[in-house]
Protein chains: 2
Amino acid sequence: MKFDDKVPIYYQIKNYLYHEMITGQLKPGGKLPAVRQLAVDLTVNVNTVQRALGEMMTAGIITSQRGKGNFVTTETTRITQLKEKLVMEELERAYEQLHALNLTDDEIIVGLKQYIAQRGQRND
Amino acid sequence: MKFDDKVPIYYQIKNYLYHEMITGQLKPGGKLPAVRQLAVDLTVNVNTVQRALGEMMTAGIITSQRGKGNFVTTETTRITQLKEKLVMEELERAYEQLHALNLTDDEIIVGLKQYIAQRGQRND
DNA sequence: CCTAGTGTTATATTTTACTAGTACACTATA
DNA sequence: TATAGTGTACTAGTAAAATATAACACTAGG
């Protein structure tokens with residue numbers, strides 16, 4: 001996995017796993033890969049994985065069962081709320097950045113539409 | 001100035017100064033505040049300011065004159081290109097993040113419109 | 001009971017960002 | 001020429017993130 005070296009890896013791992021849950025790759029009640037396996041997959045140290053998981057436990061998104069594994073919460077509302085939170089944070093971030101670059105509200109919307117339209121022409 | 005502790009300060013300073021140029025607070029050919037003054041204003045060490053400025057020099061956005069100060073490039077095209085680059089990076093980032101959160105192209109646009117509309121009701 | 005698979009914790013080490021402090025180099029001007 | 005204001009460079013120290021490595025605790029299954 002590629003990491004942005006401007007942001008702590010454990011933080012990016014947390015976000016990666018959140019995305020996996022929101023997109024349904026990891027389902028409510030489902031089991032996460034073993035910490036050592038995650039470490040190998042992400043080419044990262046076990047402690048770094050553990051740190052990411054620790055924050056996810058604190059947030060109540062995953063639960064840990066010693067000897068068994070780590071599991072996504074069965075409370076689907078938590079996942080829904082998590083998605084809403086992440087979407088809102090991203091919208092806010094993008095808006096503020098673009099606004100700070102002197103773009104008006106309309107220019108921001110038009111800019112995004114153009115970007116998507118242009119991107120649509122690519123084949124990926 | 002408030003800094004996001006997930007991102008290096010020097011990197012945030014660089015972006016802050018870029019924004020100042022793009023919004024015209026700092027004009028082409030204009031003089032930047034002295035490095036020691038910037039350090040005080042941003043409550044940051046001189047070396048950290050210097051690191052940010054160093055990258056801006058490498059990028060050709062500012063030039064340094066020993067004993068005089070640091071100056072914004074007089075080549076306005078560089079500033080224009082910089083703005084386009086930053087806008088494009090932000091659009092790309094936002095799109096990819098939201099797309100990864102399972103939102104369709106339409107949902108992304110609608111979501112942004114709703115966010116802006118809702119935000120417009122606030123008074124700031 | 002033993003073993004493989006799992007989560008958890010701890011120590012030591014390296015790297016990067018940041019800070020503090022100091023000194024040096026150049027410019028303008030009184 | 002002296003001085004204040006500027007950029008530049010260097011050394012030393014601190015803190016956070018990440019690594020390598022090892023040990024410990026629990027579970028399930030033969």
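Lettering of chains follows the sequences in order, A, B, ..., and the numbering in each one begins at 1.
In this structure, the CG atom of A/Leu32 is 12 Å from the P atom of C/dT6, given to the nearest Å. Atom CD of A/Glu55 and atom P of D/dA17 are 9 Å apart (whole Å). In this structure, B/Gln50 atom CD and D/dT6 atom C1' are separated by 11 Å, rounded to whole Å. Spacing between atom CG of A/Asn70 and atom C1' of D/dT27 amounts to 14 Å, rounded to whole angstrom units. Atoms CD (A/Gln65) and P (D/dT27) sit 9 Å apart, rounded to a whole Å. If you measure from atom CD of A/Gln12 to atom P of D/dA16, you get 19 Å, rounded to the nearest angstrom. Remark: P of C/dG5 and CD of A/Gln37 are 11 Å apart, rounded to the nearest angstrom. If you take CG of B/Asn45 and C1' of C/dA17, they are 11 Å apart, rounded to a whole angstrom.
Side-chain contact annotation: B/Tyr10 with B/Asn47, donor-acceptor N/O pair under 3.5 Å absent.
In the interface, the side chain of B/Arg36 is paired with the base of D/dG7 through a donor and an acceptor atom under 3.5 Å apart. Between the base of D/dA18 and the side chain of A/Asn47 there is no donor-acceptor pair shorter than 3.5 Å.
OP1 and OP2 of D/dA18 both lie 4.0 Å or more from every side-chain N or O belonging to A/Tyr10. The side chain of B/Arg66 places no N or O atom within less than 4.0 Å of a non-bridging phosphate oxygen (OP1 or OP2) of C/dT27. Between B/Lys68 and the phosphate of D/dG7, there is no side-chain N or O to OP1/OP2 separation shorter than 4.0 Å. Not one side-chain nitrogen or oxygen of A/Thr48 sits closer than 4.0 Å to the OP1 or OP2 atom of D/dA17.
Comparing D/dT8, C/dT19, D/dT6 by their nearest atom to the side chain of B/Ser64 picks out D/dT8. Of the candidates D/dA18, C/dC18, C/dT8, the closest approach to any side-chain atom of B/Ile9 belongs to C/dC18.
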Could you please spell out the steps behind the salt bridge (charged side-chain N to carboxylate O under 4.0 Å, His left out) verdict for B/Glu89 and B/Arg93? CA-CA 6 Å; B/Glu89 280 176 1; B/Arg93 184 191 188 288; over 6 Å; no
Between B/Leu53 and B/Leu17, does the side chain to side chain contact (heavy atoms under 4.5 Å, CB included) criterion hold? Intermediate values first, please. CA-CA 9 Å; B/Leu53 297 184; B/Leu17 292 174; 3.8 Å; yes
Which is it for A/Leu91 and B/Leu112 under the side chain to side chain contact (heavy atoms under 4.5 Å, CB included) test, yes or no, and what are the steps along the way? CA-CA 6 Å; A/Leu91 285 174; B/Leu112 180 63; 4.1 Å; yes
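Looking only at distances, a side-chain donor or acceptor of B/Gln12 sits under 3.5 Å from a matching main-chain atom of B/Asp4.
Heavy-atom distances to DNA chain C give each of A/Lys31 and B/Pro8 a nearest nucleotide, and the one nearer the 5′ end belongs to A/Lys31. When each of A/Val44 and A/Gly67 is assigned the nucleotide of DNA chain D bearing its nearest heavy atom, the one mapping closer to the 5' terminus is A/Val44. The residue among A/Val7 and A/Val46 whose nearest nucleotide of DNA chain D lies closer to the 5′ end is A/Val7.
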